[in-house]
J.: 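Questions regarding the structure given below will be posed in turn.
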Amino acid sequence: MNETERKYEALDGTPLPDLADLPGVAAVAGPEEQRLEAVYYDTADLRLARAGLTLRRRTGGDDAGWHLKLPVGVDTRQEVRLPPGRAAKRPPKQLGSLVQVHARGNELAPVARIRTRRQRWQLVDDRGNLLSEVVEDLVSGQSLADGSPVDSWREIEVELGERGDVALLDQVEARLADAGITRSSSSAKLTRLLADRMAATTPSSRPTGDSAGDVVLSYLRAQADALKHEDPRVRRDEDDAVHQMRVATRRMRSALQAFSAIVEREDTRELTDELKWLAGVLGEARDLEVLRDRFENGLAALDPDLVLGSAKAQLVRHFAPLESAAHEAAVAALDSGRYFALLDAVDALIAEPPFTPLAGKKAAKVLPDLIDRTYRRLAKRAEGAHSDVELHEARKAAKRLRYAVEVSEPRFGKSARKYRKKVKAVQELLGEHQDSVVARPVLRELGGKAHLDGENGFTFGLLHGLETAAAQRVENRFPAVWRELGKPKLR
């Protein structure tokens, strides 16, 4: 579940303001007192806390148990909970797996103990629905690594209820500000307690502003963040997670290839190879997902009289075990030393990018030529492409051009977005062709298996014919679509 919460600092003796007259608030219930204790787990170098995650075992209150909080957006985190079980030196494996994108095999051990005396108020509407919770915490915490003295402070938290909205949080914040209570600089109790151990390192010197290196590095950083964000979602088999993680992986690889004149190619060749490996691992699960959706949509579009036998059930029997095995293989890869080494290489790239002298030049002067080069690569593959293999190679080149233009959008704005959408249309058209190429052998297999099992394979044969026709339409349409694309005009 997601929680949206804001934290505030208040000097001792500063009273909480009255909130009962805020718009939509019918009553304020409370205060209710709770005594809470939590032991926080992390690596020795606090990798989880540095990434904005907290993993704890809490006792007391109405939510005792293991809590893992993953950052989602501003003020919002996803919380995963498990029963408390017995006190342990290590967190449950299920939660430990979800943080491996940061822990990378390093031991998760207790790093801090925090005790809280909490006063809680609930803001409700005229039907008793919870709009928001406001708590006043008297906190005492101690680092477990070095035996440092206990630190104490006062903290105010405001959490959005299931029927509340962000506007209410803003109104509460304004009321608190009037009382002299301001936003906290720490997003979690743990980060405040261990602030001295989490001091930021001095960033390395690198191109800044609107240089070519700055634009490319910003894009690479965004893809690295997206990859790490999707990792726990893939492990939990959440909707669209594999696709989004694979896209982030491909975007990073394409950017390193397209802008090798800015980020030294020889220094990133091994990383691009490993990104290709990761995209391939994720691709097994994603390709099965795409095919299943395609076949299910194809069946749904047919006249019911043409769906013979147990075609829908056959799809389930075929894809369910394959998708389950692909997911297990993907998670196994995400738990591997090879993947952890890839993540280390990505971190090193972001921290110390191997820039060429061209990186320090203005993006407006450098990027267009490199995008032109990527366009020429596409043109070489698209001109006269007819066979399945040729059209697939053109599709991959179109995807690289699309991502290259995407890198330039912060600098070129509307013109880049407009051209990127044109390239995306070409890529998606060719993607429709490739999906058909991949689908037909599977449909032939499904039809043959239906026959051998004494079922009627007619429906799968019909879908095969429709896929053949769809591919032919793309082949007929592609030359005109390609001519309409034209060269990018980013200058």
Side-chain angles (χ1 to χ4, degrees), residues 230 233-234 237-250 279-330 385-396 398-399 402 423-453 455-478 481:
E230 297 300 331
R233 296 186 65 242
V234 169
D237 203 16
E238 294 185 18
D239 184 51
D240 204 37
V242 169
H243 174 57
Q244 293 302 326
M245 188 174 183
R246 188 187 189 195
V247 166
T249 303
R250 285 178 161 178
V281 169
L282 297 170
E284 294 181 22
R286 174 59 181 168
D287 291 346
L288 288 167
E289 181 183 302
V290 169
L291 272 182
R292 174 176 49 77
D293 287 346
R294 190 178 183 90
F295 294 164
E296 288 176 350
N297 292 336
L299 288 178
L302 291 176
D303 186 314
D305 290 340
L306 300 178
V307 182
L308 305 183
S310 58
K312 294 179 182 179
Q314 286 176 271
L315 288 183
V316 173
R317 290 197 299 269
H318 178 82
F319 282 103
L322 294 178
E323 289 188 81
S324 177
H327 178 257
E328 290 179 5
H386 295 293
S387 70
D388 292 345
V389 173
E390 291 170 340
L391 290 170
H392 183 45
E393 289 300 313
R395 172 178 175 259
K396 291 192 292 185
K399 184 177 294 186
R402 172 191 166 191
V423 180
K424 182 180 179 181
V426 173
Q427 175 202 322
E428 290 182 341
L429 179 67
L430 294 174
E432 177 68 18
H433 185 275
Q434 179 62 16
D435 287 347
S436 174
V437 170
V438 173
R440 277 175 275 165
V442 179
L443 288 169
R444 187 176 184 278
E445 177 186 351
L446 287 168
K449 190 173 186 306
H451 176 72
L452 292 175
D453 291 343
E455 297 273 357
N456 193 321
F458 167 82
T459 301
F460 295 117
L462 179 57
L463 290 178
H464 188 286
L466 293 173
E467 290 288 359
T468 302
Q472 187 60 56
R473 286 195 297 272
V474 172
E475 293 170 18
N476 294 338
R477 186 183 170 198
F478 175 66
V481 172

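Quantities reported herein were computed from a predicted structural model and do not represent experimental measurements. For the single chain, residues carry numbers from 1 onward in sequence order.
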J.: Which heavy-atom pair separates F295 from V442 by the least distance, and what is that distance?
T.: CE1-CG1, 3.7 Å

J.: Taking all heavy atoms of L391 and all of E475, pick out the closest pair and write down the distance.
T.: CD1-CG, 3.8 Å

J.: Could you pull out the closest heavy-atom pair between L429 and F478, with the gap in Å?
T.: CD2-CA, 4.0 Å

J.: Looking at every heavy atom in both V242 and A285, which two are closest together, and how far apart are they?
T.: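 Scanning both residues, the minimum pair turns out to be CG1-CB, 4.2 Å.
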
J.: Do Q427 and R395 pair up side chain to side chain, a donor and an acceptor below 3.5 Å, judged on atom types alone?
T.: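 Their side chains do not contain a donor-acceptor pair, so the 3.5 Å distance test is not met.
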
J.: Checking the side chain of S324 only, and the main-chain atoms of A320 only, is there a donor and an acceptor separated by less than 3.5 Å?
T.: no

J.: Hey, are R440 and H464 close enough side-chain-wise for a donor-acceptor pair under 3.5 Å?
T.: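 Absent: no donor and acceptor within the cut-off.
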
J.: Indicate yes or no: does D287 engage R294 in a salt bridge with an N to O separation below 4.0 Å.
T.: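 Salt bridge: no.
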
J.: Could you give me the CA-CA distance, side-chain angles and deciding distance for H243 and E289, then say whether side chain to side chain donor-acceptor pair (under 3.5 Å) is met?
T.: CA-CA 9 Å; H243 174 57; E289 181 183 302; over 6 Å; no

J.: For a 4.5 angstrom cut-off between non-hydrogen side-chain atoms, does K396 reach H392?
T.: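 Yes, their side chains come closer than 4.5 Å.
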
J.: Verify the neighbour count for atom CG of N297: are there more than 12 heavy atoms of other residues, nucleotides or ligands below 6.0 Å?
T.: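 Yes, CG of N297 has more than 12 neighbouring heavy atoms, counting only those of other groups under 6.0 Å.
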
J.: Would you say the side-chain atoms of E393 pair up with the backbone N or O of V389, donor to acceptor, closer than 3.5 Å?
T.: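 Pair absent, no side-chain N/O of E393 close to backbone of V389.
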
J.: Verify, without hydrogens or angle tests, whether H327 (side chain) and L322 (backbone) share a donor-acceptor contact under 3.5 angstrom.
T.: no

J.: Would you mind listing every salt bridge (Lys or Arg N to Asp or Glu O under 4.0 Å) that reaches into residues 307-318, with sequence neighbours excluded?
T.: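 Qualifying pairs, neighbours excluded: none.
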
J.: Using a 3.5 Å cut-off and no angle test, enumerate the donor-acceptor pairs between side-chain atoms of residues 300-311 and protein atoms at least two apart in sequence or in another chain.
T.:
| residue | atom | partner | partner atom | Å |
| --- | --- | --- | --- | --- |
| D303 | OD1 | D305 | N | 2.8 |
| S310 | OG | E455 | OE1 | 3.2 |
| S310 | OG | E455 | OE2 | 3.2 |

J.: Can a salt bridge be assigned to the pair R444 and E467 using a cut-off of 4.0 Å between side-chain N and carboxylate O?
T.: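 Salt bridge absent between R444 and E467.
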
J.: Any salt bridge linking K449 with E445? Criterion: basic side-chain nitrogen under 4.0 Å from a carboxylate oxygen.
T.: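 So K449 does not pair with E445 through a salt bridge.
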
J.: Ignoring hydrogens, what is the shortest heavy-atom contact between E323 and R292? Give both atom names and the distance.
T.: OE2-NE, 2.5 Å

J.: Roughly how far, to the nearest 0.5 Å, is CG of L291 from CD of E296?
T.: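 Rounded to the nearest 0.5 Å, the CD-CG separation comes out at 11.0 Å.
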
J.: Over all heavy atoms of both residues, which pair between R250 and A279 is shortest? Give the atoms and the distance, please.
T.: CG-CB, 4.2 Å

J.: Can you tell if the side chain of Q472 reaches within under 4.5 Å of the side chain of N476, non-hydrogen atoms only?
T.: yes

